[in-house]
Structure formats: C-alpha cells, structure tokens
Participant: 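Got a structure for you, questions after.
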Amino acid sequence: VLQGDLEEAMKLYQRALEIYKVLGDPRGESSALQEMAHIYVLQGNLDKAMRLCQQTLKDFEDLGDLKNKSATLQEMANIFLARGELDNAMKFYQESLEISDHLGNLQGKAITLGMMGQVLWKFNRYSDGLRALLESLETSRQIGAQPDIAKATSILVLMRNDIGSERFDTIWDEETGQPIPEWLDNSKA
C-alpha cells in the first residue's frame with residue numbers, strides 16, 4: 001500500500017483472507033478485511049469500504065477485540081470525512097477515543113486526538129481543533145512518543161501559518177492562557 005500499488009495490495013489481502021479462513025482465524029480474517037476497507041477508501045470506493053468496516057466492526061465486537069474495534073471506528077470516521085459528513089466522523093472518532101481511554105491506550109488516544117484536531121481545524125473549528133491537538137501533544141509527551149510529538153508540533157506550526165500568527169495567538173491565549181512557546185513562534189527562530 002505504501003508503494004502505491006493498491007491493486008497488488010488488494011490481491012495480497014484477499015489471499016491472506018483466504019488463508020485466515022482456512023486456518024479458522026476470525027481475528028486474522030477481520031484484520032484482512034479492515035486493510036481491504038482502507039484500500040477501498042484510498043480508491044474512492046467509500047460504499048464498499050463502509051460495508052467492510054461495518055462487518056469488521058461487528059466481528060471485532062464479537063471477538064471482544066476493543067483495540068481493533070477502535071481502529072475500525074477511526075476508518076469509518078475517515079469514510080464519513082471523505083463524504084463531507086463532519087458530525088458523523090466526529091461521532092466515530094469520539095467512540096474510538098473512549099475505547100482508547102477505557103483500555104489505557106495512550107498512544108491510540110494521542111493519535112485519535114491528533115486526527116480530531118486536524119479535522120476540526122480543517123472545518124474552521126479552530127478552538128476545538130487546538131484543544132484536541134494540545135491534548136494529543138500532552139498525551140504523546142506522557143508516553144515519550146517522539147514521532148507523535150514531532151507530528152503534533154509540526155501540525156500546530158502549520159496551523160499557525162495557515163491562519164496567521166495574530167489570529168492563532170489570540171485563539172492560543174483564549175484556550176491556554178499561556179504565551180506562545182518558542183518552538184511554535186517561528187518569528188523567534
């Protein structure tokens with residue numbers, strides 16, 4: 001998938017699905033279907049992707065696999081986003097976030113919050129987006145997840161550049177009551 005050959009990736013996941021069926025491994029089957037759904041999203045076949053996600057969601061619920069259920073909910077949120085349905089997307093992200101909290105999965109929590117923050121920002125809900133990203137950054141710092149910290153900080157820099165430092169700084173002040181940190185203030189660099 002990373003190299004862009006979606007058709008070949010789909011064939012491999014279909015083959016894996018067949019193997020998991022022969023082995024009687026329902027978790028493997030659901031994981032393969034989940035990956036196939038992601039490919040359908042990348043191909044723009046959102047209806048087919050949603051059907052697979054609904055199936056895998058039920059499968060993971062039946063298996064009691066909350067971590068993969070959470071990942072499936074995120075994929076479903078991405079499908080709603082691709083359809084322009086922000087409220088539905090946020091509902092699914094929120095459910096995924098609640099599962100991560102329940103499991104104590106701080107990395108899953110940080111990732112979901114980061115996704116939510118970016119989406120909210122994209123839809124001009126700047127304060128909500130900033131809060132989600134700051135919580136993602138703090139959670140990433142708690143667990144020392146350097147790649148997630150770097151991603152969150154770079155997104156915040158992009159956001160500041162996107163709407164301008166004056167407007168961003170006002171929102172920052174309203175939300176945090178803190179001065180802009182040096183790493184975010186590119187005028188001090």
Side-chain angles (χ1 to χ4, degrees), residues 1-2 27 30-31 34-35 37-38 41-42 53 56-57 60-61 63-82 85-165 167-189:
V1 174
L2 294 177
R27 183 170 278 112
S30 296
S31 294
Q34 185 178 40
E35 293 298 331
H38 182 68
V41 170
L42 295 173
C53 283
T56 59
L57 184 66
F60 287 133
E61 286 173 345
L63 292 166
D65 186 340
L66 295 179
K67 188 173 182 182
N68 277 313
K69 177 183 177 182
S70 178
T72 301
L73 290 166
Q74 285 182 7
E75 192 67 48
M76 293 171 84
N78 294 337
I79 294 168
F80 282 116
L81 277 179
E85 298 178 33
L86 175 64
D87 291 339
N88 282 329
M90 294 309 294
K91 181 178 93 171
F92 281 84
Y93 281 136
Q94 186 62 41
E95 191 174 343
S96 175
L97 182 62
E98 289 168 6
I99 291 170
S100 290
D101 270 341
H102 172 75
L103 294 174
N105 179 359
L106 294 179
Q107 186 167 24
K109 177 181 178 178
I111 290 169
T112 303
L113 284 165
M115 293 165 69
M116 291 170 75
Q118 291 176 77
V119 168
L120 290 165
W121 192 269
K122 179 182 172 187
F123 283 88
N124 300 324
R125 291 180 49 190
Y126 299 127
S127 294
D128 294 334
L130 179 61
R131 278 194 305 275
L133 275 162
L134 288 173
E135 189 174 350
S136 172
L137 179 59
E138 180 57 32
T139 304
S140 295
R141 284 183 176 149
Q142 286 175 13
I143 59 175
Q146 293 303 320
D148 295 333
I149 293 169
K151 184 174 182 179
T153 56
S154 66
I155 291 168
L156 288 166
V157 169
L158 289 172
M159 289 174 156
R160 190 168 191 250
N161 292 336
D162 178 47
I163 65 168
S165 59
R167 187 168 179 202
F168 181 93
D169 294 357
T170 299
I171 296 168
W172 180 277
D173 184 56
E174 289 170 357
E175 294 304 318
T176 69
Q178 303 290 319
I180 296 291
E182 282 191 39
W183 59 264
L184 185 55
D185 189 354
N186 56 8
S187 68
K188 295 180 182 177

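The shown structure was predicted, so the numbers you read here are calculated from the model rather than taken from an experiment. What's counted below: heavy atoms across the whole structure, side chains too, no hydrogens, waters or symmetry copies.
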Participant: Measure the CE-CG distance between Met115 and Leu97 for me, rounded to the nearest 0.5 Å.
Facilitator: 11.5 Å

Participant: Please list all pairs meeting ring-ring contact (aromatic ring centres under 6.0 Å, His included) that have one or both residues in residues 145-165, counting only residues at least two apart or in different chains.
Facilitator: none

Participant: To the nearest 0.5 Å, how far apart are CD1 in Ile99 and NZ in Lys69?
Facilitator: 4.5 Å

Participant: Would you mind writing out the side-chain donor-acceptor pairs for residues 167-175 within the sub-3.5 Å range, not counting sequence neighbours?
Facilitator:
{"residue": "Asp169", "atom": "OD1", "partner": "Arg160", "partner atom": "NE", "Å": "2.8"}
{"residue": "Asp169", "atom": "OD1", "partner": "Arg160", "partner atom": "NH2", "Å": "3.0"}
{"residue": "Asp169", "atom": "OD2", "partner": "Arg160", "partner atom": "NH2", "Å": "2.8"}
{"residue": "Thr170", "atom": "OG1", "partner": "Glu166", "partner atom": "O", "Å": "3.0"}
{"residue": "Trp172", "atom": "NE1", "partner": "Thr176", "partner atom": "OG1", "Å": "3.1"}
{"residue": "Trp172", "atom": "NE1", "partner": "Gln178", "partner atom": "O", "Å": "3.1"}
{"residue": "Trp172", "atom": "NE1", "partner": "Pro179", "partner atom": "O", "Å": "3.4"}
{"residue": "Glu175", "atom": "OE1", "partner": "Arg131", "partner atom": "NH1", "Å": "2.7"}
{"residue": "Glu175", "atom": "OE2", "partner": "Ser127", "partner atom": "OG", "Å": "3.3"}
{"residue": "Glu175", "atom": "OE2", "partner": "Arg131", "partner atom": "NH1", "Å": "3.2"}

Participant: Indicate whether the side chain of Asn124 and that of Tyr126 have a donor and an acceptor atom separated by less than 3.5 Å.
Facilitator: yes

Participant: For residues Ile79 and Glu85, determine if any side-chain heavy atom of one lies less than 4.5 Å from a side-chain heavy atom of the other.
Facilitator: no

Participant: Mind checking salt bridge (charged side-chain N to carboxylate O under 4.0 Å, His left out) for Glu98 and listing every partner two or more places apart, or none if nothing turns up?
Facilitator: none

Participant: With a 4.5 Å limit on heavy-atom distance, are the side chains of Leu113 and Leu133 in contact?
Facilitator: no

Participant: Could you give all pairs that pass the ring-ring contact (aromatic ring centres under 6.0 Å, His included) test and reach residues 128-157, with sequence neighbours left out?
Facilitator: none

Participant: Which pairs of donor and acceptor atoms, one on a side chain in residues 139-151, lie under 3.5 Å apart (sequence neighbours left out)?
Facilitator:
{"residue": "Thr139", "atom": "OG1", "partner": "Glu135", "partner atom": "O", "Å": "2.8"}
{"residue": "Ser140", "atom": "OG", "partner": "Ser136", "partner atom": "O", "Å": "3.0"}
{"residue": "Asp148", "atom": "OD2", "partner": "Gln107", "partner atom": "NE2", "Å": "3.3"}

Participant: Any side-chain heavy-atom pair from Thr56 and Glu75 closer than 4.5 angstrom?
Facilitator: no

Participant: According to side chain to side chain contact (heavy atoms under 4.5 Å, CB included), who are the partners of Ser96, at least two apart in sequence or on a separate chain?
Facilitator: Ser70, Leu73, Gln74, Thr112

Participant: Would Gln34 and Thr72 satisfy side chain to side chain donor-acceptor pair (under 3.5 Å), going step by step from the backbone distance to the final call?
Facilitator: CA-CA 7 Å; Gln34 185 178 40; Thr72 301; 2.8 Å; yes

Participant: Begin with the C-alpha distance, continue with both residues' side-chain angles, and end with the deciding distance and a verdict on side chain to side chain donor-acceptor pair (under 3.5 Å) for Trp121 and Asp162.
Facilitator: CA-CA 10 Å; Trp121 192 269; Asp162 178 47; 3.2 Å; yes

Participant: Check the pair Tyr93 / Asn88 against side chain to side chain donor-acceptor pair (under 3.5 Å), numbers first and verdict last.
Facilitator: CA-CA 9 Å; Tyr93 281 136; Asn88 282 329; over 6 Å; no

